[in-house]
Amino acid sequence: MLARYDYLVTGGAGFIGSHLCERLIAEGKSVCVLDDLSTGHLSNIQGLLQQESFHFIEGSVLSVETVNDCVNKCSEVIHLAAAVGVDNVINKPVETIETNVNGTENILKAARNGNKKVFIASTSEVYGKGWKVPFKEDGDIVLGPTSRNRWSYACSKALDEFLALAYNHSYGLPVVICRFFNTVGPRQSGRYGMVLPRFINQALTGKPVTVFGNGTQTRCFSLVSEVVDCVLALMDTPKAVGRVVNVGSTEEITILELARRVREISGSSSEIIIVPYEEAYPAGFEDMQRRVPDVSRLMDLIGIRPEADTATIIRKVIEYGIPEGAR
Ligand code: UDP
């Protein structure tokens with residue numbers, strides 16, 4: 001069957017997906033999006049819906065029939081659809097595991113039938129509570145017990161990676177796997193727990209900025225447009241096939257410092273409050289203390305990496321504002 005679209009983007013109405021689709025369309029590519037709108041929104045792709053080279057299908061990656069149909073229509077697959085956000089992971093554990101594991105299995109099976117190249121989005125969560133930063137792709141991963149829900153997300157994504165690598169190894173399916181580190185930018189919603197849109201929303205509305213734990217935990221934030229650059233470059237790099245690649249910034253910042261910078265840059269007089277983990281999350285939650293990527297593999301493969309600094313990123317998100325529905 002002749003492919004009608006250059007790319008299938010699952011989760012294309014989500015935060016990263018919508019930025020990726022905009023870029024592809026701007027580059028003259030045709031795109032089909034499959035999204036169940038569980039955490040994605042049509043408003044994210046409003047500007048694309050009228051374009052002739054863009055097609056939106058509301059449906060789930062859990063439907064084998066829908067997935068087969070969509071994959072058949074496209075030359076390559078970018079699989080971003082997944083359960084997102086700490087809140088969802090903790091409150092909807094069954095959906096999280098099934099969406100991440102069965103959805104990816106459906107995508108890989110369909111891609112294998114047509115031998116289509118597949119991009120699989122994974123996450124820095126898979127490193128778990130490893131302490132040897134920067135995290136290298138071939139380093140050990142350290143996960144908590146199965147009695148603590150948070151780890152189901154990391155484990156489901158690690159299984160996605162295993163399965164994709166197995167399809168590559170056993171069937172020669174061309175797969176590219178990325179571990180994203182805290183991607184942020186315009187349009188990201190704070191509803192599912194993500195820290196930067198939450199802080200900015202709190203600062204802009206004069207509410208207290210809520211730092212969980214003691215604020216010494218660190219993260220590295222990368223700008224979504226630069227992450228999109230990396231994804232597309234990796235998809236165009238034959239040597240990236242069959243590899244797992246970290247995609248993230250290496251500028252490490254504590255969450256308390258992030259809160260201070262958001263307050264300063266936004267000119268807000270919100271107070272910064274410390275919220276103990278026991279109050280912020282359900283019992284049994286464990287946070288990661290540090291998360292820093294080793295980006296040497298990324299650099300070896302494509303020669304670029306996310307490099308916008310945190311202050312610039314905060315400014316861009318403030319400039320864009322957090323839409324009412326996304327707070
Ligand atoms: N966090 C916080 N205040 C909030 C939301 C999150 O201090 O209102 C913390 C959270 O506990 C974690 C960090 O910010 O240490 C990043 O959280 P996020 O959910 O954005 O990403 P992840 O934990 O997956 O890196």
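Residue indices begin at 1 and follow the sequence shown. Here the structure is a predicted model, which is why all the values come from computation and not from measurement. Read the numbers this way: they start at 1 and go in the same order the structure lists the ligands and their atoms.
Counting the atoms of ligand 1 from 1 in the order shown, those under 4.0 Å from a heavy atom of M194 are 20 (O). Close approach to E125 involves these atoms of ligand 1, each under 4.0 Å from a residue heavy atom: 24 (O). Near R198, with a cut-off below 4.0 Å to any heavy atom, the atoms of ligand 1 are 4 (C), 5 (C), 8 (O). Atoms of ligand 1 lying under 4.0 Å from at least one heavy atom of V211, given by number and element, are 7 (O). Every atom of ligand 1 with a heavy atom of R150 under 4.0 Å away is listed here by number and element: 23 (O), 24 (O).
Among protein heavy atoms, the minimum distance from atom 3 (N) of ligand 1 is reached at T210 O, 2.7 Å. Shortest contact from atom 21 (O) of ligand 1 to any protein heavy atom: N182 ND2, 3.4 Å. Regarding atom 19 (O) of ligand 1, its nearest protein heavy-atom neighbour is G193 O, 3.5 Å. Closest protein heavy atom to atom 10 (C) of ligand 1: Y281 OH, 3.3 Å. Atom 15 (O) of ligand 1 has as its closest protein heavy atom D287 OD2, 2.5 Å. What sits closest to atom 13 (C) of ligand 1 on the protein, heavy atoms only, is I255 CD1, 3.7 Å. Scanning the protein heavy atoms around atom 23 (O) of ligand 1, the nearest turns out to be R219 NH2, 3.2 Å. Protein heavy atom in closest approach to atom 7 (O) of ligand 1: F212 N, 2.7 Å.
Here the options are V77, L108, I78, the test is side-chain contact (heavy atoms from CB on, under 4.5 Å), and the partner is I120; only L108 passes.
Using a cutoff of 4.0 Å between basic side-chain nitrogens and carboxylate oxygens, R305 and E251 are not scored as salt-bridged. By the 4.0 Å N-to-carboxylate-O rule, R179 lies too far from E125 to be salt-bridged with it. A salt bridge links R150 with D287: at least one charged nitrogen is closer than 4.0 Å to a carboxylate oxygen. A salt bridge links R297 and D138; the closest N-O separation between the charged side-chain nitrogens and carboxylate oxygens is under 4.0 Å.
Side-chain contact check for F221 versus L258: some heavy-atom pair is nearer than 4.5 Å. R23 is not listed as a side-chain neighbour of L20, based on a closest heavy-atom distance of 4.5 Å or more. Contact check for V31 versus D6: no side-chain heavy atoms found under the 4.5 Å cut-off. T216 has its side chain out of reach of E257: every pair of non-hydrogen atoms, C-beta onward, lies at least 4.5 Å apart.
A heavy-atom separation below 4.0 Å is not found between G213 and ligand 1. In this structure, Q289 has no heavy atom closer than 4.0 Å to ligand 1. At a 4.0 Å cut-off, at least one heavy atom of R291 sits close enough to ligand 1 to count as contact. Heavy-atom distances between F199 and ligand 1 reach below 4.0 Å in at least one pair.
No cation-pi contact links R187 to F15, judged by a cut-off of 6.0 Å to the six-membered ring centre and 45° from its axis.
If you chain together hydrophobic residues whose side chains sit under 4.5 Å apart, L223 and I265 fall into the same group.
At least one N or O atom of V195, backbone or side chain, sits closer than 3.5 Å to an N or O atom of ligand 1.
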